[in-house]
Amino acid sequence: MNGIKSFLKTHALWLGLVAVIVPLLAHLGLQYRSLAELESTVPVARRAMMLQFLRVLNREITQHYRTNAEKVLNLEPVALAAGDYDVIVAHFSKYSFSGARRLFIGEAARSTGNSYASIRFFNPAKKRLETDSGSPDWRAAHAGAATWLAMALTDTVPKSPQLTVDERDPKHRLVVKPIIDDQSRVIGVAGMILDDWYFLNRLLPDTVAASLPKHFPDNAGEVIVSVIDRDESLIYANQQFEGKKYETGGPLPFIFTDWYLGARMKNWTEAEMARRTFVVNFSISILTSFVLLGGIILALRTASREIKLSRMKAEFVSNVSHELRTPLASIRVFGEFLKLGRVTDTSKTREYGEYIEAESRRLTQLINNILDFSKIESGQKTYRFEPEDLRPIVENTLKLLEVRLAANGFQVNFDPPDSPLPPAIIDREALTQAVINLLDNAVKYSGAAREITVRLRQSGKMILISVIDRGVGIERAEFDKIFEKFYRVSTGLVHNVKGSGLGLSIVKHVAEAHKGRVTVESAEGRGSSFTLHIPVAEIETVQDSPPPHNDAGALPRIHDRGLGA
Ligand code: ADP
């Protein structure tokens, strides 16, 4: 049970990631399947939509012609029987219909064994009926009316006296209606010759424009509606296009029945359209999944950092307690010796006194670091910058640590520049503390080595303070991390050295506050060199010093931290 618990705890982040990725992949898989399914059904659905649209279009066209023809051709049988053409003229004038090119009536009569049929055309300008004998219209009207007129001559009662369409001659398309008397006999016909131009240029465009947005609210502009004649020539299209004339369609049902009304999407066939929808939708799914995954990885990384940080904080507390306890114990022991008066030798007394002083300084240094760190963390750390010469500051710092360094057998070489340094704008206290931290580390991580060099140089517009030791060195992979708060290298020789993990993070903060940086060069087992780069004061007369020393010395690697020069 405990094993499972600890497994869950240590692998919580990975488990979290798996817990997100698995359902995400499952979701993507399902999405893929349903989109693929949709891809195969979309063309069918779209074709059905297109067919439905064409059906409605046909219905509206048919209705338009049928209703108007019914109205215009609905002549009173009495008027025809009485030969009252004025009533007929008045009727035609009242219901004139732009879909018709000409209106006419047909009559049949018998006299003395002969039967004859007469056709009269309505002249809207002169408001009268006229014969126009022998003209192509006259011949066409005769042919169209013939069946009904034959019935009129034989007094036949037709089964269904309806509108009939006669399109035998494509140039003379007729709609004809029998005129029936009160005994249901045919006594004549009323007819119209249709106007192709009106259909193709007025009625159809208007009907298409009105119904397209209703059926295709999102992509009405994508739909091409076309009419082709019996020779497959395009005689109407609602917009310019290339390629196939239609994807789906059929002949017009009522009139113009030899013409084919078709439709298609402008840029894609239905299959292409479905493919595109699939690709777009699936890409969006993949994209959102990646964004989601990115967000989750980011959150998990933050969580992992927080976990690491809290572990480091816990270690920090234990480390600091130890750091405090050790010097306090020595101070107490030496203090007791002195109090008991057992030490009579003055040189010993001084030695103990110096030891107590050095240990107290170390304690102060540690507490300063902790206080500084807390100020940095809460954003309350302030600096008092003044132009200063760095050399005396570094020298004084070395003096402060002299006793402790000597007590531990360290030999410190101070390597000053050949010529005086230009002033730098610095916070003396902060910079002193940074140098102390570097020296403190050099001592702590020197291993068996006992040699430390402090070098002061100018390089261009930077003053470089290097603290070089011949100690345990640092692995390259750790270069970045050692400047992080609480971070301590936990492997190798440094493992047993106590520390707070704050020293270098404060050094870095101080360097950056001075618009400088801190760099490290190190080789494992051969020592480390930490260098503070502090900009010289911006005074126009400042001259660059002679070429700088090569700080890298025998150490092979260099690594930069901070804001950069
Ligand atoms: P600490 O209190 O642990 O010394 P620092 O922030 O000063 O904290 O240093 C962080 C880590 O960097 C140390 O734990 C140590 O591993 C490494 N380090 C710092 N200075 C040196 C040095 N001069 N030589 C080798 N390792 C060093």
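When a ligand or atom number is given, it counts from 1 through the structure's own listing order.
Residue-ligand proximity, Ser528 to ligand 1, at heavy-atom distances under 4.0 Å covers atoms 22 (C), 24 (N), 25 (C). Residue-ligand proximity, Ile474 to ligand 1, at heavy-atom distances under 4.0 Å covers atoms 25 (C), 26 (N), 27 (C). Within ligand 1, the atoms closer than 4.0 Å to a non-hydrogen atom of Gly473 are 25 (C), numbered from 1 in the order shown. Near Gly503, with a cut-off below 4.0 Å to any heavy atom, the atoms of ligand 1 are 5 (P), 6 (O), 7 (O).
Ligand 1 lies out of reach of Phe483, whose nearest heavy atom is not under 4.0 Å from it. Contact between Gly471 and ligand 1 is absent, with no heavy atom of the residue lying under 4.0 Å from the ligand. Contact between Leu502 and ligand 1 is present, with at least one heavy atom of the residue lying under 4.0 Å from the ligand.
Contacts between Lys444 and ligand 1 below 4.0 angstrom, taking non-hydrogen atoms only, involve the side chain exclusively. Counting heavy atoms closer than 4.0 Å to ligand 1, residue Val489 contributes atoms from both its backbone and its side chain.
Ring geometry for Tyr32 versus Phe278: interplanar angle over 60°, hence perpendicular rather than tilted (30 to 60°). Ring geometry, Tyr383 versus His514: the interplanar angle exceeds 60°, so the pair is classed perpendicular (tilted spans 30 to 60°).
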request  = Kindly determine whether Glu512 and Arg517 satisfy salt bridge (Lys or Arg N to Asp or Glu O under 4.0 Å), including the steps that lead there.
outcome  = CA-CA 5 Å; Glu512 289 176 357; Arg517 63 198 165 132; over 6 Å; no

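Evaluation of the ring pair (Phe, Tyr, Trp, His ring centres under 6.0 Å) rule for His215 yields Phe53 as partners, not counting sequence neighbours.
Annotation: Ser505 places no N or O atom under 3.5 Å from an N or O atom of ligand 1; distance criterion only. Any N or O atom pair closer than 3.5 Å counts here, and Tyr487 shares no such pair with ligand 1.
There is a side-chain donor-acceptor pair under 3.5 Å between Tyr487 and Glu478. Between Gln365 and Asp440, the side chains place no donor N or O within less than 3.5 Å of an acceptor N or O (distance only, hydrogens not considered).
When the heavy-atom distances from atom 9 (O) of ligand 1 to Val520, Val507, Leu504 are ranked, the shortest goes to Leu504. Here atom 15 (C) of ligand 1 lies nearest to Tyr445 when heavy atoms of Tyr445, Phe316, Phe530 are compared.
Salt-bridge check for Glu386 with Arg428: failed, with every basic side-chain N at 4.0 Å or more from each acidic carboxylate O. In summary, Glu402 and Lys399 do not engage in a salt bridge, as defined by a charged side-chain N under 4.0 Å from a carboxylate O.
Annotation: Phe241 is not in aromatic contact with Tyr246 [ring centroid separation under 6.0 Å not met].
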